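What follows is a set of notes on a single structure, which appears directly below.
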Amino acid sequence: MYPKIILQKGKDEAIKRFHPWIFSGAIKSMDSLIKEGDIVEVYSYNDQFLGIGFYHQSSIAVRLISFSKQVINLDFWIKKIQHAFQFRVFLNLANSQHTNIYRLIFGEGDSLSSLIIDYVNGHCVFQAHTIAMHMQRNEIVEALKFIYKEKLISVYDKSIETLPTNYVLQHANMFLYGKLENEMIVNENGYPFFVDFINGQKTGFFIDQRENRKLLQNYCSNKNVLNTFSYSGGFSVYALHNKARHVHSIDSSEKAIQLCNQNIGLNKLSDHHSSTVIDAFDFIKSEGKQYDLIILDPPAFAKSKDVKHNAVQGYKRLNTLALTNIKKQGILFTFSCSGVIDKNLFYNTITAAAIESRRNIKLLHVLNQPADHPIMPNFPEGEYLKGLVFYVE
């Protein structure tokens, strides 16, 4: 049905366990006319069918989207996205009265490698991480229209940041369906936030911290809180709604602080909030001693294994500063969103920071990404967000 790729002997074991990636070194032979973005069928060395996926001219040569023979057409996309939607219904996210922003498609976690779709109060933000997935965008839009019906206002393609340069020169971020009429305001656990999915980072809002922001509420009463790398102020809003004495939000980006201040104002919480455009390391070093609770949620220090060591040193330095300066009986919320830093390495890094800072710490919570960013046992690479909460003596 589709062009054929055959794997070398012994290179099919992971695929039989439903791992969706096939590396270029595993390929024995392939049809000569296969090109970037083509749908391909993959077979073992002894001609056993393994799956259907997209071909890429990269180290990950094939990303599988089905382990059974079928046609990749509109009906396929409707079934796949409907399956993901029903899971969000099960999670009480789709059709929730308190939260109208969630991740609808999380790549491999929803068996659609390289595709991200966020639902943002009637708008779907589409982000393809490969050319092949971007080439499927029109049928994906039709599937979204079929599933959401009149509730779908628009679909915005925000893939330029995640696709190869030679390809994006021919394309632009744009609305694939509908448009945005007014400023976008969403609700998360009942709290309103401005979201700018056109100009903001990633798809406009860090949905993956939703449950961790909710947990923070339990520790904020009468506390001076420092929210570092605050971006749009999510943790700050939750802390202030739950009786923090004062919250200080800091970020090195002036645009981020402006958005944070907008969200504080939207929630009518400005009286107990201040913000500063400053480097987090510098601020903690000079001002950290006045805070009872510190949140460390930096951007990924490592996006590839090549810089893994430097990333570990960065996390250690940041957490050592926070642990050295935080008040006695303080609370530290610390996170890593680096996929190449696994949870054991992150835990050990924070342990090393505690030893260096000469502070005794007690583990209160081990945190990760929420269920709308599903982690599949056959794809452990999908677990990227790690969080730890410590009591600092």
Side-chain angles (χ1 to χ4, degrees), residues 88 93-105 116-127 137 141 144-145 147-162 172-214 216 227 229-242 247-277 297 299 370 372:
R88 275 67 184 178
L93 287 171
N95 305 323
S96 167
Q97 295 182 349
H98 306 287
T99 298
N100 56 17
I101 179 169
Y102 56 86
R103 180 145 292 179
L104 172 65
I105 301 291
I116 299 295
I117 301 178
D118 285 346
Y119 178 86
V120 185
N121 192 14
H123 303 262
C124 282
V125 185
F126 165 96
Q127 193 169 72
R137 61 194 181 280
V141 169
L144 291 169
K145 288 162 66 176
I147 291 162
Y148 282 105
K149 298 182 171 56
E150 71 279 356
K151 292 182 180 179
L152 184 67
I153 301 169
S154 80
V155 180
Y156 186 73
D157 177 9
K158 195 175 184 182
S159 302
I160 297 307
E161 294 83 356
T162 57
N173 290 339
M174 60 185 294
F175 282 97
L176 302 174
Y177 168 75
K179 59 183 178 179
L180 180 63
E181 298 281 1
N182 303 301
E183 276 189 314
M184 171 56 59
I185 298 177
V186 303
N187 284 308
E188 183 186 81
N189 291 319
Y191 301 145
F193 290 93
F194 288 107
V195 171
D196 184 356
F197 57 73
I198 296 175
N199 301 303
Q201 295 181 34
K202 306 235 172 159
T203 56
F205 193 71
F206 289 103
I207 302 170
D208 54 5
Q209 290 284 22
R210 178 182 59 248
E211 299 305 318
N212 301 330
R213 287 190 279 260
K214 189 174 181 180
L216 179 78
N227 182 15
F229 309 94
S230 60
Y231 185 47
S232 57
F235 281 108
S236 300
V237 166
Y238 277 73
L240 288 163
H241 268 300
N242 289 275
V247 175
H248 197 137
S249 302
I250 66 171
D251 200 291
S252 60
S253 165
E254 186 172 349
K255 285 186 178 180
I257 288 298
Q258 289 173 355
L259 183 55
C260 174
N261 289 338
Q262 277 187 287
N263 281 324
I264 297 297
L266 179 65
N267 284 270
K268 300 179 181 178
L269 299 168
S270 301
D271 289 349
H272 297 277
H273 180 259
S274 55
S275 60
T276 306
V277 179
D297 185 22
D372 58 335

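Given the structure is predicted, the values throughout are model-derived calculations rather than measurements.
Residues satisfying the side chain to side chain contact (heavy atoms under 4.5 Å, CB included) test with S232, not counting sequence neighbours, are F205, L259, N263. Residues that satisfy the side chain to side chain donor-acceptor pair (under 3.5 Å) test with T276, not counting sequence neighbours, are H248. Remark: D372 engages R210 in a salt bridge (Lys or Arg N to Asp or Glu O under 4.0 Å) (not counting sequence neighbours). Partners of Y156 under the side chain to side chain contact (heavy atoms under 4.5 Å, CB included) rule, at least two apart in sequence or in another chain, are K158, N173, F175, F197, I198. Remark: Y177 engages no residue in a ring-ring contact (aromatic ring centres under 6.0 Å, His included) (not counting sequence neighbours). For K145, the side chain to side chain donor-acceptor pair (under 3.5 Å) partners at least two apart in sequence or on another chain are E142. Under the side chain to side chain contact (heavy atoms under 4.5 Å, CB included) criterion, D208 pairs with F206, P370, H373, Y384, L385, not counting sequence neighbours. Annotation: side chain to side chain donor-acceptor pair (under 3.5 Å) contacts of N242 (sequence neighbours excluded): Y191, Q217. Remark: N182 engages no residue in a side chain to side chain donor-acceptor pair (under 3.5 Å) (not counting sequence neighbours). Evaluation of the side chain to side chain contact (heavy atoms under 4.5 Å, CB included) rule for E183 yields F194, Q262 as partners, not counting sequence neighbours.
Counting heavy-atom neighbours within 6.0 Å of K149 NZ, excluding the residue itself, gives a total above 12.
Counting heavy atoms from C-beta on, the side chains of I101 and V195 come closer than 4.5 Å.
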(message) Walk me through whether S236 and S230 qualify under side-chain hydrogen bond (donor to acceptor under 3.5 Å, both in side chains).
(response) CA-CA 8 Å; S236 300; S230 60; 5.6 Å; no
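Taking 4.0 Å as the cut-off between side-chain N and carboxylate O, E188 and R213 count as a salt-bridged pair.
The side chain to side chain donor-acceptor pair (under 3.5 Å) contacts involving residues 250-260 comprise nothing, where partners must be two or more places apart or lie in separate chains. Annotation: salt bridge (Lys or Arg N to Asp or Glu O under 4.0 Å) contacts involving residues 116-127, sequence neighbours excluded, comprise R103-D118.
In terms of modelled atom types and a separation under 3.5 Å, the side chain of N189 and the main chain of H98 share no donor-acceptor contact.
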